[in-house]
Number of protein chains: 2
Amino acid sequence: MALQNIRIVIVEDDNLIRDGFALLINSTYGYTIVNAYNNCEDAIKHLPEDAPDVVLMDIELPGMNGIEGIEKIKRLRPKTNIIVVTVYDNDSLVFQALCAGAGGYLTKNMQPARLLEAIKDIQEGGAPMSTNIARMVVSSFQKNRNSPLTARETEVLELLSKGKSYSTIAEEIFVDKETVRTHIKNIYWKLEVHSKAEAIEKALKHKLI
Amino acid sequence: MALQNIRIVIVEDDNLIRDGFALLINSTYGYTIVNAYNNCEDAIKHLPEDAPDVVLMDIELPGMNGIEGIEKIKRLRPKTNIIVVTVYDNDSLVFQALCAGAGGYLTKNMQPARLLEAIKDIQEGGAPMSTNIARMVVSSFQKNRNSPLTARETEVLELLSKGKSYSTIAEEIFVDKETVRTHIKNIYWKLEVHSKAEAIEKALKHKLI
DNA sequence: AGAAAATCACCCATTTTGAGGGACTCCGGC
DNA sequence: GCCGGAGTCCCTCAAAATGGGTGATTTTCT
């Protein structure tokens, strides 16, 4: 079988970490660091020549940050697999990175060997994540189990959040428009809001829908 | 250090698979199968006595299906960790299961040892997933990179999808209401729709927002 | 039996929406 | 230097949607 050599680019501003990763990866058969940068701008400039299969991307960087970097790289070479490697594990950054196009997310407290596994995993169609990141991602799907809203109210609010009008909602759940109005009035009262936008905002924030 | 014995319940209607899992797990130190059922109803009935830390749940089951089962179990014992183990890997089922409260999702083509890893992982705050499932989950965050909409139009549509009115959107992005109206007219033209609800529906479907 | 949930009704004023026109900048690519 | 896309703003019009108030009946579950 032909050797499939995985071409890897590192973007990381800490020299020690960058060189450490490079050494580890280069000394592994089948993995090659084609280049290592300390900022996104340079990495993007050399993207055509480097032609990486995988980019290991830090988030906090001088100049363009990692999130923007991910976006630009994915726009220029959509097939590039990007794994974020960072110390940050707060919700906002993780979801921003994934939305921008990251295919994996590791926090720097991993064992070095995990890095190699992750590269292999993402090349095989996986999405390598540190345990805490995976949990955050999965949790993001789950609703609040202590919603003040009834099942029907939740259903109505969900349809409302899809931009549907009272009349459309009424048709879809086979009740009168007046009933929908009553449900919405009760929703507003329970959520202590006075408009559709406020209700949706609060519902999303508390994961009621 | 005190032995931490993980209490596990299996819900799986295939006798062969169920007994296989049970044998594997019971023969591993620190893991105990407290009970194994071939349907959700029985598992839920015995939930208080079984007091499982982890439930391994199949999806296709006689009677109540796995999704409903997950919901009920999480409602009764929210701290129970549920791992779905199934042959199905289509988007809809995966997201339904995660929304219902599953904390992990494995497809049955795994190596048996993966099951033990997964149980350990979920007990330690992770979210074990098969590679293809992880990729599906991560992909669900990513937007279509070939949107027909401009950046501004996307921004407007995003705000519209949060239930905001033209005037509110105008205020938030510091332009005139008339400008918002123009953007929305262009959005409708590009998406070939004639209302807010249709636009949002189409945008969500094609992951434009 | 009582409470919570779900259903429908009617009033009113205001805001929002969708569709049709037209017009003016600013900027990047050719 | 010109063209076109993107973004901005303006006007009119009629229909639809929204939010608030008040009240009432039925169903469901405990």
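All values below were derived from every heavy atom in this structure, side-chain atoms included, with hydrogens, water molecules and symmetry-related copies excluded. Within every chain, numbering begins at 1; the chains are lettered A, B, ... in the order of the sequence lines, protein sequences first and strands thereafter. All of these numbers come straight from a predicted model, not from anything done at the bench.
The phosphate of C:dT7 has OP1 or OP2 within less than 4.0 Å of a side-chain N or O from A:H183. Put simply, B:Y188 has a side-chain N or O that comes within less than 4.0 Å of OP1 or OP2 on C:dG18. B:S165 has no side-chain polar atom (N or O) that falls below the 4.0 Å cut-off from OP1 or OP2 of C:dT15. Contact check, A:T150 against C:dA4: no side-chain N or O comes under 4.0 Å of OP1 or OP2. Distances shorter than 4.0 Å separate some side-chain N or O of A:S167 from OP1 or OP2 on D:dA17.
Atom pair B:E192:CD and C:dA19:P shows a separation of 13 Å (rounding to whole Å applied). Look at CG on B:L157: it is 13 Å from P on C:dT17, rounded to the nearest Å. Counting to the nearest Å, the C1' atom of D:dG19 and the CD1 atom of A:I187 are 13 Å from each other. Taking atom CD1 on A:I169 and atom C1' on C:dC8, their separation rounds to 17 Å, with Å as the unit. Taking atom CG on B:L160 and atom P on D:dA17, their separation rounds to 15 Å, with Å as the unit. Between the CG atom of B:L191 and the C1' atom of C:dG18 there is a distance of 15 Å, given to the nearest Å. Following rounding to the nearest Å, A:K196 (NZ) and D:dA16 (P) show an atom-to-atom distance of 16 Å. In this structure, CD of B:E155 is placed 15 Å from P of D:dA6, rounded to the nearest angstrom.
Residues in residues 30-59 of chain A take part in these ring pair (Phe, Tyr, Trp, His ring centres under 6.0 Å) pairs, two or more places apart or across chains: A:Y37-A:H46.
Here B:K177 does not pair with B:E171 in a salt bridge; the nearest charged N to carboxylate O distance is not below 4.0 Å. With respect to the salt-bridge test (charged N to carboxylate O, under 4.0 angstrom), the residues B:E124 and B:K120 qualify.
The line from NZ of B:K164 to NZ of A:K196 is 12.5 Å long, rounded to the nearest 0.5 Å. How far CD1 of A:I169 is from CZ of A:F174: 14.0 Å, rounded to the nearest 0.5 Å.
Across every non-hydrogen atom of A:I187 and A:E153, the tightest pair is CD1-O, 3.4 Å.
Here A:R7 pairs with A:V34, A:A51, A:D53 under the side-chain contact (heavy atoms from CB on, under 4.5 Å) rule; sequence neighbours left out.
Note on B:H194: only backbone sugar-phosphate atoms sit closer than 4.0 angstrom, heavy atoms only; bases stay farther off.
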Output a table of nitrogen or oxygen pairs between the protein and nucleotides 9-13 of chain C separated by less than 3.5 Å.
| from | atom 1 | to | atom 2 | distance (Å) |
| --- | --- | --- | --- | --- |
| C:dA9 | OP2 | A:D176 | OD2 | 3.0 |
| C:dA9 | N7 | A:E178 | OE1 | 3.4 |
| C:dC10 | N4 | A:E178 | OE1 | 2.8 |

